[in-house]
Amino acid sequence: MSGGHVGRSERVAVIGVGILGASVGCNLSRQGAEVVFIDAGRPGEGVTNWSFSWVNASNKTGRRSYFDLNVAGMAAYRELAETIGPDSWWHPSGHLRWAGDTAAEAKLLETAELLAGWDYRVEVCTGAEVRRRLEPALRVPAKTPVLFYPDEAWVHGRHLVGRLVGRAVESGAEHRFGTAARNIGIGPDGSVRTVTLSDGSCLDVDVVVNAAGPSASQVAGLIARHLPMRREPGVVTRLGCAQVPVHRAMHAPHIEIRPDGDASVVLHSREIDAVIDTGEDPVELARQLHEAAKHVVPELGNARVAQTRIAYRPIPADGFPSVGAVPSVPGYYEAVSHSGITLGPVIGRLLATEILSGKRDEMLADFRPERFPQ
């Protein structure tokens with residue numbers, strides 16, 4: 001507890017209520033902290049709602065500690081589903097991935113071998129097997145190797161954020177939605193004291209958690225901290241369809257496809273993200289995504305584009321999360337990460353523990369904010 005406040009619970013402002021903010025706030029609130037959620041928009045409706053929302057570690061093999069953190073994220077989801085019930089948010093149906101040329105195929109198979117060596121479950125199937133056993137609507141060549149990752153999942157991010165915020169509110173959390181944080185007041189001892197909001201109100205707090213996603217560097221700027229972020233836009237399209245023809249998330253050549261409930265499919269493509277800065281119209285980007293998806297799932301030809309959004313991915317400059325205390329400003333913490341969907345529940349748990357007990361978990365050692373000096 002911060003000095004002078006012995007005998008009462010920590011008062012924590014969580015700025016940004018996407019999957020990371022909601023997870024940290026829910027964990028804190030359930031453990032007795034007084035939490036105030038602050039979001040300029042509505043909870044879960046920012047980048048969380050416009051993400052491919054794929055829970056995985058197979059795409060995180062560049063650094064072992066990052067892979068391990070994502071594996072812990074997957075385990076935390078399974079626990080969360082047991083704790084709060086899976087409802088409409090949790091879809092542990094596995095993930096499929098295949099390539100369109102021999103060089104890319106060799107790379108995928110090499111990754112699969114590496115992952116198997118790290119005890120990560122992966123099955124190598126053929127296109128014919130996948131069509132017979134898992135996804136009859138796919139157009140994938142019969143002999144093409146397809147990787148199936150059975151422990152991966154997709155998440156309905158907005159629904160999950162709603163559940164987590166609801167649980168926090170049951171434990172006494174408050175919220176200020178549709179209000180932005182404008183200022184963070186620092187006391188004479190250099191620690192966090194207040195947060196001023198865009199409606200003019202001022203909250204007395206002991207702790208601020210910066211979980212503001214794409215706006216995290218602006219929030220860091222309120223304490224005169226430089227948090228370098230990548231500028232990485234991504235476009236996601238939702239198709240409305242009478243019947244969803246796919247059962248799980250998949251990476252096909254040039255296009256990623258996943259179900260999104262009973263009447264919707266989500267599309268994303270790194271190749272199409274790469275042309276966003278050339279000034280392509282979102283309608284045209286959506287058309288290209290839909291076109292690519294129809295090649296893989298012909299039934300999607302009958303679907304219509306319902307919504308398209310370009311969102312900025314919250315990625316610190318070196319590509320890795322920034323999670324934990326900033327020692328130069330006691331009471332200020334960061335929870336900023338790409339892969340926020342996979343990492344939300346595990347970061348929520350680890351950061352809440354750190355805030356309430358000061359215990360720094362070894363799993364976050366490589367991802368501390370102090371690697372970005374003031």
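What you see is a predicted model, and the numbers here were worked out from it, not measured in a lab. Just so you know, residue 1 is the first one in the sequence shown, and it goes up from there. The figures here come from the full heavy-atom set of this structure, side chains too, leaving out hydrogens, waters and symmetry mates.
In this structure a side-chain-to-backbone donor-acceptor pair under 3.5 Å is present from Ser269 to Ile272. A donor-acceptor pair under 3.5 Å is formed between the side chain of Thr342 and the backbone N or O of Asn56. Under the 3.5 Å distance criterion, the side-chain polar atoms of Arg230 are matched with a main-chain donor or acceptor of Ala317. Checking side-chain atoms of Trp90 against main-chain N and O of Asp87 turns up no donor-acceptor pair under 3.5 Å. For His290 (side chain) and Leu300 (main-chain N/O), a donor-acceptor pair under 3.5 Å exists by modelled atom type. A donor-acceptor pair is defined here as one N or O able to donate and one able to accept, closer than 3.5 Å; such a pair exists between the side chain of Asp39 and the backbone of Val17. One N or O on the side chain of Asp273 and one on the backbone of Val235 form a donor-acceptor pair closer than 3.5 Å. Checked by atom type and distance alone, the side chain of Thr144 never pairs as donor or acceptor with a backbone atom of Val140 at under 3.5 Å. The main-chain N or O of Ala103 is never found under 3.5 Å from a side-chain atom of Lys107 such that the two would form a donor-acceptor pair. Not one N or O on the side chain of Ser9 forms a donor-acceptor pair closer than 3.5 Å with the backbone of Ala33.
In this structure, a donor-acceptor pair under 3.5 Å is absent between the side chains of Asn49 and Arg309. Side-chain contact check for Tyr312 and Ser215: no donor-acceptor pair (N or O, by modelled atom type) lies under 3.5 Å. Judged by distance alone, the side chains of Ser201 and Arg176 do bring a donor and an acceptor atom under 3.5 Å apart. Counted by atom type alone, His159 and Ser88 present one or more donor-acceptor pairs between their side chains at under 3.5 Å. With 3.5 Å as the limit, one finds no donor-acceptor pair spanning the side chains of Tyr77 and Glu82. Between the side chains of Gln307 and Thr237, no donor-acceptor pair of N or O atoms lies under 3.5 Å.
With values rounded to the nearest 0.5 angstrom, Thr126 atom OG1 is found 9.0 Å from Lys143 atom NZ. Note: Leu267 CG to Gln288 CD = 12.5 Å, rounded to the nearest 0.5 Å. Taken from CG in Leu289 to CG in Leu239, the straight-line distance is 8.5 Å, to the nearest 0.5 Å. Considering CD1 of Ile15 and CD of Glu334, their distance stands at 11.0 Å, rounded to 0.5 Å. To the nearest 0.5 Å, atoms CG (Leu343) and OG (Ser23) are separated by 10.0 Å. For the atom pair OG (Ser337) and CG (Asn70), the distance works out to 7.5 Å, reported to the nearest 0.5 Å.
Between Arg158 and Trp50 there is no side-chain heavy-atom pair separated by less than 4.5 Å. Side-chain contact between Arg225 and Pro369: present, with at least one pair of heavy atoms (C-beta onward) separated by less than 4.5 Å. Looking at Tyr332 and Asn210, their side chains come closer than 4.5 Å, going by heavy atoms from C-beta outward. Residues Asn59 and Arg97 have side chains in contact (heavy-atom distance under 4.5 Å, counting atoms from C-beta outward). You'll find the side chain of Trp98 stays beyond 4.5 Å of the side chain of Leu147, heavy atoms only. In this structure the side chain of Val265 never reaches within 4.5 angstrom of the side chain of Asp260, judged on heavy atoms. For the pair Tyr333/Val12, no side-chain contact is recorded, criterion being any heavy-atom separation below 4.5 Å from C-beta on.
Within a 6.0 Å radius of CD in Glu113, other residues, nucleotides and ligands contribute 12 heavy atoms or fewer. Environment of CG in Asp281: crowded, with over 12 heavy atoms of neighbouring residues, nucleotides or ligands closer than 6.0 Å. Other residues, nucleotides and ligands place more than 12 heavy atoms under 6.0 Å from the CZ atom of Arg63. Remark: Arg42 CZ is loosely packed, at most 12 non-hydrogen atoms of other residues, nucleotides or ligands lying under 6.0 Å away.
By the 4.0 Å N-to-carboxylate-O rule, Arg139 lies too far from Glu299 to be salt-bridged with it. With respect to the salt-bridge test (charged N to carboxylate O, under 4.0 angstrom), the residues Asp204 and Arg11 do not qualify. Ion pairing of Asp151 with Arg78 is absent here, as no side-chain N (NZ or NE/NH1/NH2) approaches a carboxylate O to less than 4.0 Å. Between Glu170 and Arg167 there is no salt bridge, since no side-chain nitrogen of the basic residue lies less than 4.0 Å from a carboxylate oxygen of the acidic one. Checked for salt-bridge contact, Arg287 and Glu284 meet the test: a charged N lies under 4.0 Å from a carboxylate O. Ion pairing between Arg371 and Asp318 holds under the 4.0 Å rule for side-chain N and carboxylate O.
Listed here is the closest heavy atom pair of Ala325 and Pro327: O-CD, 3.5 Å. Between Ala153 and Pro92 the shortest heavy-atom distance is CB-CA, 3.6 Å. Of all heavy-atom pairs spanning Ile38 and Ala181, the tightest one is CG2-N, 4.2 Å. Closest approach of Pro233 to Ile310, counting heavy atoms only: CB-CG2, 4.0 Å. Shown here for Thr308 and Pro282, the closest heavy-atom pair between the two residues is CG2-O, 3.8 Å. Leu197 and Arg182 get closest at one heavy-atom pair: C-CG, 4.0 Å.
With Ile186 as the partner, the side chain to side chain contact (heavy atoms under 4.5 Å, CB included) test is satisfied by one option alone out of Val192, Leu222, Thr194: Val192.
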Passes side-chain hydrogen bond (donor to acceptor under 3.5 Å, both in side chains), Asn27 versus Arg349? Steps please. CA-CA 6 Å; Asn27 275 280; Arg349 196 178 65 217; over 6 Å; no
Apply side-chain hydrogen bond (donor to acceptor under 3.5 Å, both in side chains) to the pair Thr61 and Tyr66, showing each step before the final yes or no. CA-CA 8 Å; Thr61 54; Tyr66 189 50; over 6 Å; no
Test Ser58 against Glu152 for side-chain hydrogen bond (donor to acceptor under 3.5 Å, both in side chains), laying out the working first. CA-CA 9 Å; Ser58 60; Glu152 296 183 353; 2.7 Å; yes
Could you give me the CA-CA distance, side-chain angles and deciding distance for Arg193 and Asp206, then say whether salt bridge (charged side-chain N to carboxylate O under 4.0 Å, His left out) is met? CA-CA 6 Å; Arg193 281 283 174 267; Asp206 308 299; 5.1 Å; no
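Close placement of the His251 and His95 rings is indicated, their centers lying within 6.0 Å of each other. Here the two rings, on His91 and Trp154, have centers that are under 6.0 Å apart.
Note that Arg258 lies outside the cation-pi zone of Trp54, set by a 6.0 Å cut-off to the ring centre and a 45° limit from the axis. Taking the centre and axis of the six-membered ring of Tyr149, the NZ or CZ atom of Arg121 falls outside the cone set by 45° and 6.0 Å.
Residue Val336 is not grouped with residue Val24 when hydrophobic side chains (ILVMFWY) are merged at heavy-atom distances under 4.5 angstrom, including chains of intermediate members. Connection of Ile341 to Leu164 is established within a shared hydrophobic cluster, with ILVMFWY side chains joined at heavy-atom distances below 4.5 Å, either directly or through further cluster members.
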Could you list the donor-acceptor pairs under 3.5 angstrom formed by side chains in residues 240-248, with sequence neighbours left out?
unit_1	atom_1	unit_2	atom_2	d
Arg248	NE	Ser93	O	2.9
Arg248	NH1	Leu134	O	3.2
Arg248	NH1	Glu135	OE2	2.9

